[in-house]
Amino acid sequence: MPKTNFDILWIILSSGLVFFMQAGFLCLESGLTRTKNSINVAIKNITDFGIATLVFYSIGFGLMFGSTYYGWIGKDMFFPDFSKTSPETSVFFLFQLMFCGTAATIVSGAVAERMKFGAYIIVTTIISSLIYPIFGHWVWGRSLEDWNQFTGWLAHLGFMDFAGSTAVHSVGGWVGLSAMILIGNRTGKYGKDGSVRKITGHNLPLAMLGTLILWFGWIGFNGGSTLAFTSEVPKIIANTMFAASGGMASSLIYGWIRLKYAEATLPLNGTLAGLVAITAPCNAVNSLESLLIGLIAGILMFEAGVLLDKLKLDDAVGAIPVHLVSGIWGTLAVGFFGDLSILGTGLDRNTQILVQLLGVVSCAILSFGVSYPLLFVIHRFYSLRVSPQNEYQGLNYTEHRATTELIDLFLEMEYQKQTGDLSQDLSIEPFTEVGQIAERYNLVLDKIRINIKEKETLAIELEHNLSLLQSDLSTARKIQSGIISQEDKLTVDLEITVRYLPLTEVGGDFFDIMELRPGLTRVFLADATGHGVQAALLTMAIKAIYESLKRGIYSVTEILYHLNNEFLHTFKNLNQFFTCIVVDIDTNLNLIRYSSAGHVPQYLIQDREIHSLEKTGRIMGVIPNTKYTSNEMEFTQDSKLILFTDGLFEQWNSNKEEFGEKRVEAIIGNLKGIPIGDGIDQILKKLDEFLDGSPKQDDISVLGISRKIKK
């Protein structure tokens with residue numbers, strides 16, 4: 001305890017250094033968070049110290065240093081009047097207050113960017129009034145009349161925590177962990193596939209400045225814990241520097257090896273991990289041991305961060321690896337490395353380690369065991385977390401209505417995004433970077449407005465041209481409808497069902513049915529490549545040539561031969577192709593004769609069996625003077641002939657399945673005994689069910705031919 005005025009001065013200076021650490025925490029945590037939350041984090045760091053001061057003065061100091069109740073809590077010294085006490089007590093309160101503020105502010109970083117400001121005040125109150133003072137009584141409780149008389153039960157067992165690796169840092173870490181678990185992770189931090197999104201702080205240089213301030217403040221944190229300016233102070237400060245440097249070096253090198261690059265926050269958190277770890281044993285270890293403690297702390301900090309990501313626990317600034325994990329390690333290091341003669345507990349090495357472990361477990365039970373249930377109950381009635389919308393906007397504005405030039409710019413942009421109103425320029429703040437951004441953005445807006453006006457003009461012209469095109473297509477449809485009869489047809493001996501389904505206004509299929517003489521009917525079916533206007537024009541060319549040939553005395557093979565040559569001669573520059581089939585139906589001889597130019601197989605149902613009309617030559621429009629062959633098949637009274645284009649089966653549903661030839665063949669095979677018209681309608685119905693609302697992708701033509709029933 002301070003005995004001389006110089007001792008008192010040293011504790012006051014140390015208190016100032018520890019208080020200056022609040023500025024370090026402010027810079028570190030606000031720098032490691034995003035711009036939209038940086039003000040909120042800074043306000044929390046200021047507020048928590050003020051709250052901690054009021055609460056620790058009124059309740060905490062008495063629970064921590066009042067007359068003990070069986071070594072568990074203090075029972076007096078609430079609202080102490082330091083004007084009536086010795087200066088030693090006043091300066092002792094001042095120094096302990098700084099430690100209480102440090103424990104409270106650790107929680108801020110762990111839950112940054114998603115905890116309500118009011119909820120954080122509640123957490124600060126709980127830790128300052130209850131958790132930190134009670135555990136502090138167990139470890140550091142002493143009689144204010146007799147400074148050398150420790151009253152806490154852990155201290156009586158020989159637990160040693162010189163400057164608070166557990167009493168300060170682990171306490172803050174455990175409370176931060178419970179709050180993290182309750183309020184959940186920041187939106188978008190972890191993907192459904194387990195991926196981890198790196199959320200980079202907005203100002204890493206500021207965070208690095210905060211680390212240097214904390215490093216500087218730790219001189220008072222550890223050095224002042226002697227409570228007097230003794231010969232031990234320089235050694236303690238030197239050990240603090242060694243451990244900090246070791247933590248920085250090991251985390252940087254180890255992380256570099258693991259990540260394959262020098263991650264920016266590793267030197268920051270590695271330094272702090274070394275500082276936290278050395279806080280407990282700094283008075284009882286030598287220089288090399290201090291360095292080793294820091295080296296191990298840096299590696300543990302890195303691996304703890306990896307573990308948190310695996311567990312999907314979002315620690316915004318790394319508070320848990322730095323303060324909780326390193327605090328535990330530093331406390332155990334007292335038992336592993338501490339000079340037993342300096343510790344003066346009278347315990348052997350193994351017993352000292354067990355007592356240190358007991359202290360760590362006791363801290364976990366008290367800190368986590370009290371904070372989690374309390375916060376859980378509070379969370380049921382008052383949500384500790386901000387809404388998703390407020391988190392998206394940022395806590396600077398939603399919690400404090402604190403805006404910046406950049407936030408104002410984003411709000412104006414967000415309004416334009418939501419409303420689509422681009423008529424107004426953004427406000428320009430002159431002579432600032434944000435103003436320059438707004439100015440350039442407005443130039444882009446001008447260009448966009450010009451483009452919009454040009455597109456509106458083009459849209460009007462396009463609408464006019466589209467109207468003309470629709471009119472032309474309507475005319476083309478009428479012309480094609482006049483050329484291709486879509487009505488069922490009857491001859492003396494045949495019933496012919498016609499189903500023509502063009503994909504658009506006009507199609508690329510063409511068919512012709514002509515009675516050459518009584519008892520002999522010729523059916524021609526062609527399918528041009530593609531669909532729409534281009535295919536429709538091609539069918540007009542096919543029709544023109546076929547019309548000139550069909551009345552000649554040509555066999556089915558000859559008509560295909562001449563059709564191919566005429567098409568190539570007349571339209572050789574088109575580079576277009578088509579398939580077709582010609583079928584002569586002779587009801588006198590009860591047979592059909594056909595020739596197919598690359599057309600898909602057609603089907604004949606006869607004697608309750610299905611027969612295939614295979615292609616007999618190559619497609620039209622490829623090679624001149626192509627020879628075609630023909631086939632003959634019986635066509636009895638119960639025979640049914642079904643002709644179609646490939647659009648019937650080349651249709652795909654939403655599951656990327658094709659209707660397919662096999663499915664068509666199977667359906668046709670089940671049409672025995674069914675009137676041909678009903679059978680074709682059944683095929684088309686099955687196709688609609690297969691597509692289930694998906695649009696068709698090609699023109700469809702189906703012709704069904706059967707013998708007329710004799711009365």
Side-chain angles (χ1 to χ4, degrees), residues 19-53 101-102 104-125 172 176 179-180 183-189 198-214 264-265 268 314-319 383-415 426-427 429 431-438:
F19 178 73
F20 191 44
M21 290 173 68
Q22 292 290 330
F25 279 116
L26 187 151
C27 294
L28 174 70
E29 294 173 8
S30 62
L32 290 179
T33 51
R34 290 169 286 188
T35 303
K36 63 181 181 179
N37 301 307
S38 58
I39 296 173
N40 171 261
V41 173
I43 292 174
K44 285 178 179 177
N45 276 272
I46 292 175
T47 305
D48 63 27
F49 188 80
I51 297 295
T53 300
T102 301
T105 203
I106 289 169
V107 182
S108 171
V111 297
E113 302 197 306
R114 72 268 201 200
M115 177 176 269
K116 288 180 179 178
F117 182 66
Y120 181 70
I121 291 177
I122 293 173
V123 173
T124 299
T125 302
M180 277 171 50
I183 67 174
N185 306 320
R186 288 172 291 179
T187 302
K189 174 64 177 178
K198 179 72 173 177
I199 301 178
T200 305
H202 82 287
N203 195 334
L204 291 182
L206 180 64
M208 294 173 190
L209 173 62
T211 302
L212 291 174
I213 293 174
L214 288 169
T265 62
L268 284 67
D314 181 17
D315 184 348
V317 302
S383 177
L384 302 177
R385 182 174 182 135
V386 298
S387 67
Q389 179 63 27
N390 286 359
E391 184 182 357
Y392 173 76
Q393 287 184 265
L395 277 60
N396 292 351
Y397 180 76
T398 58
E399 290 284 289
H400 312 289
R401 296 299 184 268
T403 64
T404 63
E405 297 168 359
L406 188 61
I407 292 175
D408 291 337
L409 177 71
F410 288 161
L411 289 174
E412 289 191 64
M413 288 180 171
E414 183 65 19
Y415 171 79
L426 298 183
S427 304
E429 188 71 26
F431 309 111
T432 65
E433 292 181 358
V434 173
Q436 293 177 21
I437 294 172

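As the structure is a computational prediction, the values presented were derived from the model and not from experiment. The figures that follow rest on heavy atoms only: side chains count, while hydrogens, waters and symmetry mates do not.
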How about [X] and [Y]: do any of their side-chain heavy atoms sit closer than 4.5 Å?
X	Y	answer
I43	E399	no
L268	M208	yes
V317	L28	no
M115	V123	yes
V107	T124	no
L214	F25	yes
I121	D48	no

Under 3.5 Å donor-acceptor, [X] side chain and [Y] backbone:
X	Y	result
K189	D315	no
S387	N390	yes
S108	A104	no
N37	L395	yes
N396	N40	yes

To the nearest 0.5 Å, what is the distance between [atom1] on [X] and [atom2] on [Y]?
X	Y	atom1	atom2	value
T53	F19	OG1	CZ	8.0 Å
Q393	T398	CD	OG1	6.5 Å
T33	L206	OG1	CG	9.0 Å
E113	D314	CD	CG	8.0 Å
H202	T35	NE2	OG1	4.5 Å

Where is the tightest heavy-atom contact between [X] and [Y], given as atom of each residue plus distance?
X	Y	answer
C27	G210	CB-CA, 3.6 Å
G109	A316	O-CB, 3.4 Å
G176	V111	O-CG1, 4.2 Å
R114	I183	CG-CD1, 3.6 Å

_Heavy-atom neighbours of F117 CZ exceed 12 at 6.0 Å_ =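 Atom CZ in F117 is crowded, with more than 12 foreign heavy atoms closer than 6.0 Å.
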_CA sep, side-chain torsions, deciding dist, call: K44, E29, side chain to side chain contact (heavy atoms under 4.5 Å, CB included)_ = CA-CA 10 Å; K44 285 178 179 177; E29 294 173 8; over 6 Å; no
*May I have the step-by-step check of side chain to side chain contact (heavy atoms under 4.5 Å, CB included) for F20 and I213, ending in yes or no?*
CA-CA 7 Å; F20 191 44; I213 293 174; 3.6 Å; yes
*asked:* Show, in sequence, the C-alpha distance, side-chain angles and deciding distance for Y392 and T187, and conclude whether the side chain to side chain contact (heavy atoms under 4.5 Å, CB included) test is met.
replied: CA-CA 8 Å; Y392 173 76; T187 302; over 6 Å; no
*Output, in order, the C-alpha distance, side-chain angles, deciding distance and verdict of side chain to side chain contact (heavy atoms under 4.5 Å, CB included) for R186 and E391.*
CA-CA 8 Å; R186 288 172 291 179; E391 184 182 357; 3.7 Å; yes
